[in-house]
Amino acid sequence: RAMASDAMRFARDAGMNVARVWAFSVHGEREDFSDDERERVMIGVDWVIAEAERLGMYVVLALSDYFHNDDKAECVVGTTNDDDHDDDDYIFFSDEKCRHVYKERVRKILTRKNAIKGGREYRDDGTIAAWNLMNEPRCRGCGETLQRWIDEMAAFVKSIDPNHMLTIGEEGFYAADSPSTNVDANPAAWAATTGQDFVRNHASPHVDFATCHLWKDNW
């Protein structure tokens, strides 16, 4: 907690006022990850939100993650997020059960009562600046499926919480098979295989703003 507090304080002192925060555990893919462990993760998120408020910061909560995605592991049989398992992407973003699991997890987060802040639900908390559907979602070879998922899940989040802003969480790529003509803007050839269409994805009516990710040592 001291490290998290220092990171936000350093960011604030550098002139920043928003930090993006995971609302999940990077260990969530473990089969033995229990409900008690999940609750301990969320108690940690409670604390981060309260600490951000104390420091005069805001947070953007990422609701899930493509790279450490317990929802995906729960829905897809086999090794997830492996270049030899492109079907895992399609199954997670298209399968009715997988979409239901994601929605129920999102519902629990948005309606969670923060014990440190007097039981205030996350969806009523002004320290939360916005929601992030998923950190860096990719659907390799299935861009249309990803677009439908974004449209559906953005509408779902807004049906529970119409007051907070919402963004996707994409890096900022253009798939080679997308309607976009911006493929040449990709930072590397592999970016065209991610299924993203940055402009089209963010044109979804329930998405409020766009972000892009800058990995200065990679692109």
Side-chain angles (χ1 to χ4, degrees), residues 3-29 44-45 48-49 51-52 55-69 71-72 80-83 86 89 92-93 106 109 127-143 146-147 149-151 153-154 157 164-204 206-219:
M3 185 182 297
S5 183
D6 284 348
M8 285 191 287
R9 181 167 51 82
F10 294 153
R12 179 200 63 187
D13 293 347
M16 303 177 189
N17 63 359
V18 181
R20 194 164 66 119
V21 176
W22 292 167
F24 53 85
S25 170
V26 296
H27 301 296
E29 288 189 82
V45 179
V48 168
I49 295 171
E51 183 68 357
L55 294 171
M57 294 282 289
Y58 297 92
V59 297
V60 173
L61 284 190
L63 299 170
S64 189
D65 183 29
Y66 177 79
F67 293 96
H68 300 97
N69 193 340
D71 296 335
K72 189 173 180 180
T80 62
N81 194 36
D82 187 295
D83 288 340
D86 286 4
D89 292 347
F92 174 76
F93 288 112
V106 166
I109 294 172
T127 306
I128 298 172
W131 306 109
N132 188 158
L133 283 180
M134 177 181 285
N135 177 54
E136 301 184 346
R138 300 179 182 183
C139 194
R140 291 161 293 186
C142 43
L146 179 59
Q147 180 68 52
W149 186 89
I150 290 169
D151 291 339
M153 298 312 166
V157 170
H164 280 96
M165 293 187 294
L166 175 70
T167 190
I168 299 171
E170 289 183 342
E171 295 101 306
F173 301 148
Y174 299 93
D177 58 352
S178 72
S180 173
T181 58
N182 298 319
V183 175
D184 290 343
N186 284 328
W190 58 262
T193 69
T194 61
Q196 295 180 14
D197 186 333
F198 188 70
V199 172
R200 183 187 180 201
N201 295 161
H202 286 88
S204 184
H206 298 288
V207 173
D208 297 300
F209 64 101
T211 62
C212 61
H213 294 180
L214 178 64
W215 292 80
K216 68 183 185 68
D217 295 326
N218 298 63
W219 68 75

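Minimum interatomic distance between Leu133 and Ile150 (heavy atoms only, all atoms of both residues): CD1-O, 4.1 Å. Residue Met57 comes nearest to Met16 through the heavy atom pair SD-O, 3.5 Å, listed as atom of the first residue, atom of the second, then distance. Smallest separation of non-hydrogen atoms from Ala154 and Ser204: CB-OG, 4.4 Å. Residue Thr127 comes nearest to Ala52 through the heavy atom pair CG2-CB, 4.0 Å, listed as atom of the first residue, atom of the second, then distance. Closest non-hydrogen pair, Gln196 versus Pro137, comes out as NE2-O, 3.0 Å. Heavy atoms only, all atoms of each residue included: Ser5 and Leu55 are closest at O-CD1, 3.8 Å.
At least one donor-acceptor pair under 3.5 Å links the side chain of Thr167 to the backbone N or O of Phe209. In this structure, the side chain of His164 engages the main chain of Ile128 through a donor-acceptor pair within 3.5 Å. At least one donor-acceptor pair closer than 3.5 Å links the side chain of Asn186 to the backbone N or O of Val183.
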Report task. In sequence, state the C-alpha distance, the side-chain angles, and the governing distance for Thr194 and Glu136, and then conclude on side-chain contact (heavy atoms from CB on, under 4.5 Å). Result -> CA-CA 10 Å; Thr194 61; Glu136 301 184 346; over 6 Å; no
Query raised in the report: Going through the distances and angles, do Asp65 and Phe24 end up as a side-chain contact (heavy atoms from CB on, under 4.5 Å)?
Result: CA-CA 8 Å; Asp65 183 29; Phe24 53 85; 3.2 Å; yes
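Each of Val60, Ile109, Val106 was compared with Trp131 under the side chain to side chain contact (heavy atoms under 4.5 Å, CB included) criterion, and only Ile109 meets it. Looking at Asn135, Leu61, Asn132 one by one, the single match for side chain to side chain contact (heavy atoms under 4.5 Å, CB included) with Trp22 turns out to be Asn135.
The shortest side-chain heavy-atom distance between Asp184 and Tyr174 does not fall under the 4.5 Å cut-off. Residues Ser178 and Arg200 have side chains not in contact (no heavy-atom distance under 4.5 Å, counting atoms from C-beta outward). You'll find the side chain of Glu170 reaches within 4.5 Å of the side chain of Leu146, heavy atoms only.
Aromatic ring pairs are classed by plane angle as parallel below 30°, tilted from 30° to 60° and perpendicular above 60°; the pair Phe93 and Tyr66 is parallel.
Applying the salt bridge (charged side-chain N to carboxylate O under 4.0 Å, His left out) test to Glu51 and every residue at least two apart in sequence or in another chain returns Arg54.
Note: Glu171 CD to Thr211 OG1 = 9.5 Å, rounded to the nearest 0.5 Å.
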